[in-house]
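Here is the structure we will look at.
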Amino acid sequence: QDRWVFAWDARGHGKTGGKLESFEQLVDDADQFISFVAQRYNIDLGASAVVSHSFSSVALGSWIQKYKPCIAAHVMLAPAFKINLFVPFSYPLLKFWVSIFPEAQVRSFVSGRVLTRNREEARCYDNDETITRDISVNTLLGLREASCSLIAGANEISVPTLLLISGSDFIVDRSEQMRFFEALPQKDESNEFKVFPGMRHDIFHEIGRGEALSLIRSFVLEKSEALR
């Protein structure tokens with residue numbers, strides 16, 4: 001209640017129109033949204049934080065890497081550095097496919113029960129007609145390329161980072177998340193990570209999410225107050 005929170009539906013998602021044609025477009029949209037909010041409401045970004053989940057964690061991480069904003073913290077929940085596609089040679093096959101069909105899309109068949117053990121939240125996910133089920137192959141490949149770039153350049157990220165990892169995540173590769181964290185600068189111990197045993201990919205809608213929310217609040221308040 002003592003902090004403002006802003007959120008948006010990304011291009012082509014939820015109630016936002018348009019078509020997301022590339023991952024880079026998502027990164028630039030994030031920059032425009034954050035700049036708009038800061039100017040419209042006269043917000044000091046230096047005392048602000050960004051909180052992101054899954055696909056968006058890579059987008060906001062890439063935003064930090066590209067634009068180098070002066071912000072207090074970045075909280076990443078189950079970042080999708082590498083999606084488990086469960087098909088051998090998936091990425092080379094996708095590259096070949098998009099070379100023939102540039103507008104190609106893939107459909108997500110992920111169900112709510114794979115994302116959370118909370119039955120009610122899983123039902124809500126399955127019945128939500130605003131959720132975008134299709135993703136362009138170009139965007140999916142861009143996500144992977146951005147992930148590799150983000151991990152490779154993690155040692156140059158100065159924004160304090162809190163990484164929250166789902167212990168039973170069937171959607172993304174946990175080893176890539178730890179690779180990213182271990183590559184972050186560690187000299188001032190400003191970065192933290194936490195693994196939640198048993199939690200599935202969607203931490204915000206999982207059983208026991210209160211602990212994650214408490215960690216996020218403490219981390220953000222600590223880092224934002226340090227810059228006031």
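Along the sequence shown, residues are numbered consecutively beginning with 1.
Using a 4.5 Å cut-off between side-chain heavy atoms of Ile, Leu, Val, Met, Phe, Trp and Tyr, with links allowed through other members, F204 and I207 fall into different hydrophobic clusters. Note on V195: it does not cluster hydrophobically with I203, by side-chain heavy-atom contacts below 4.5 Å among ILVMFWY residues. Under a hydrophobic-cluster definition in which Ile, Leu, Val, Met, Phe, Trp and Tyr are linked whenever side-chain heavy atoms come within less than 4.5 Å, directly or via other members, F101 and V106 are assigned to the same cluster. Grouping the Ile, Leu, Val, Met, Phe, Trp and Tyr side chains by contacts below 4.5 angstrom, directly or via other members, places V58 with F181. There is a path of hydrophobic side-chain contacts, each under 4.5 Å, that joins L213 to M199.
A heavy-atom distance below 4.5 Å is found between the side chains of S48 and I43. Looking at V172 and Q177, their side chains come closer than 4.5 Å, going by heavy atoms from C-beta outward. Taking 4.5 Å as the limit, some side-chain heavy atom of W63 sits within range of a side-chain heavy atom of I71. Here the side chains of L115 and F170 are not in contact, with every heavy-atom distance at 4.5 Å or above. Between I135 and F55, the closest side-chain pair of non-hydrogen atoms falls below 4.5 Å. Looking at V50 and V75, their side chains never come closer than 4.5 Å, going by heavy atoms from C-beta outward. A heavy-atom distance below 4.5 Å is found between the side chains of L150 and I157. Side-chain atoms of H74 and I64, non-hydrogen and from C-beta on, do get closer than 4.5 Å to each other.
Taking both residues in full, the closest heavy atoms of S190 and P160 are given as O-CB, 3.6 Å, listed atom of the first, atom of the second, then distance. I165 and R174 make their closest contact through CG2-NE, 3.7 Å (heavy atoms, listed as atom of the first residue, atom of the second, distance). Annotation for A72 and A47: closest pair CB-C, 4.1 Å, computed over non-hydrogen atoms. Residues I151 and F180 share a closest heavy-atom pair of CG1-CB, 4.0 Å. Nearest heavy-atom pair, P102 versus N138, reported as atom, atom and distance to 0.1 Å: O-ND2, 3.3 Å. Contact between V110 and Y125 at its shortest, heavy atoms only, is O-CE2, 3.5 Å.
Judged purely by atom type and a 3.5 angstrom limit, S224 uses its side chain to pair as donor or acceptor with the backbone of V220. Using modelled atom types, one side-chain atom of S147 and one backbone atom of F81 make a donor-acceptor pair closer than 3.5 Å. Without hydrogens or angle criteria, S214 side chain to G210 main chain gives no donor-acceptor distance under 3.5 Å. The main-chain N or O of S52 is never found under 3.5 Å from a side-chain atom of S56 such that the two would form a donor-acceptor pair. A donor-acceptor pair is defined here as one N or O able to donate and one able to accept, closer than 3.5 Å; no such pair exists between the side chain of E129 and the backbone of N127. A donor-acceptor contact shorter than 3.5 Å is absent between the side chain of D169 and the backbone of R200.
For the pair R113 and E121, the salt-bridge criterion is not met [side-chain N within less than 4.0 Å of a carboxylate O]. Between R119 and E206 no salt bridge is recorded (no basic side-chain N to carboxylate O distance below 4.0 Å). Residues D31 and K66 are not paired through a salt bridge, judged by the lack of any N-O separation under 4.0 Å between the basic side chain and the carboxylate. Salt bridge annotation for E120-R123: present, with a cationic side-chain nitrogen under 4.0 angstrom from a carboxylate oxygen.
The CD atom of E192 sits 6.0 Å away from atom CG of L162, with the distance rounded to the nearest 0.5 Å. In this structure, the separation between CG on N191 and CG on L163 is 9.5 Å, given to the nearest 0.5 Å. Taken to the nearest 0.5 Å, the OG atom of S166 stands 8.0 Å off from the CG atom of D202. Here the straight-line distance linking atom CG of D126 with atom OG of S111 works out to 6.0 Å at 0.5 Å rounding. Atoms CG and OG, from D134 and S108 in turn, are 9.0 Å apart once rounded to the nearest 0.5 Å. Remark: E211 CD to F196 CZ distance equals 5.0 Å, nearest 0.5 Å.
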Identify each donor-acceptor pair in which a side-chain atom of residues 15-23 lies under 3.5 Å from a protein atom, sequence neighbours left out, and give them as a table.
| residue | atom | partner | partner atom | Å |
| --- | --- | --- | --- | --- |
| T16 | OG1 | D9 | O | 2.7 |
| K19 | NZ | E103 | OE1 | 3.3 |
| S22 | OG | Q25 | N | 3.2 |

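The only member of I100, L93, L94 that meets side chain to side chain contact (heavy atoms under 4.5 Å, CB included) when paired with F96 is I100. Of the candidates L26, L143, V27, S62 forms a side chain to side chain contact (heavy atoms under 4.5 Å, CB included) with just one, namely V27.
Under the 6.0 Å distance and 45° angle rule, R40 does not count as a cation-pi partner of F33.
Donor-acceptor pairing under 3.5 Å is recorded for the side chains of D28 and Y67. Side-chain atoms of N118 and T116 include no donor-acceptor pair closer than 3.5 Å.
In R133, the CZ atom is crowded: over 12 heavy atoms of neighbouring residues, nucleotides or ligands sit closer than 6.0 Å.
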| task | Verify salt bridge (charged side-chain N to carboxylate O under 4.0 Å, His left out) between E222 and R217, making sure each step is shown before the conclusion. | result | CA-CA 8 Å; E222 175 190 343; R217 178 177 174 81; over 6 Å; no

| Residues D29, I34; criterion side chain to side chain contact (heavy atoms under 4.5 Å, CB included); working and verdict | CA-CA 9 Å; D29 283 352; I34 293 168; over 6 Å; no

| field | Trace of the side chain to side chain contact (heavy atoms under 4.5 Å, CB included) decision for V51 with L60 | value | CA-CA 9 Å; V51 180; L60 270 295; over 6 Å; no

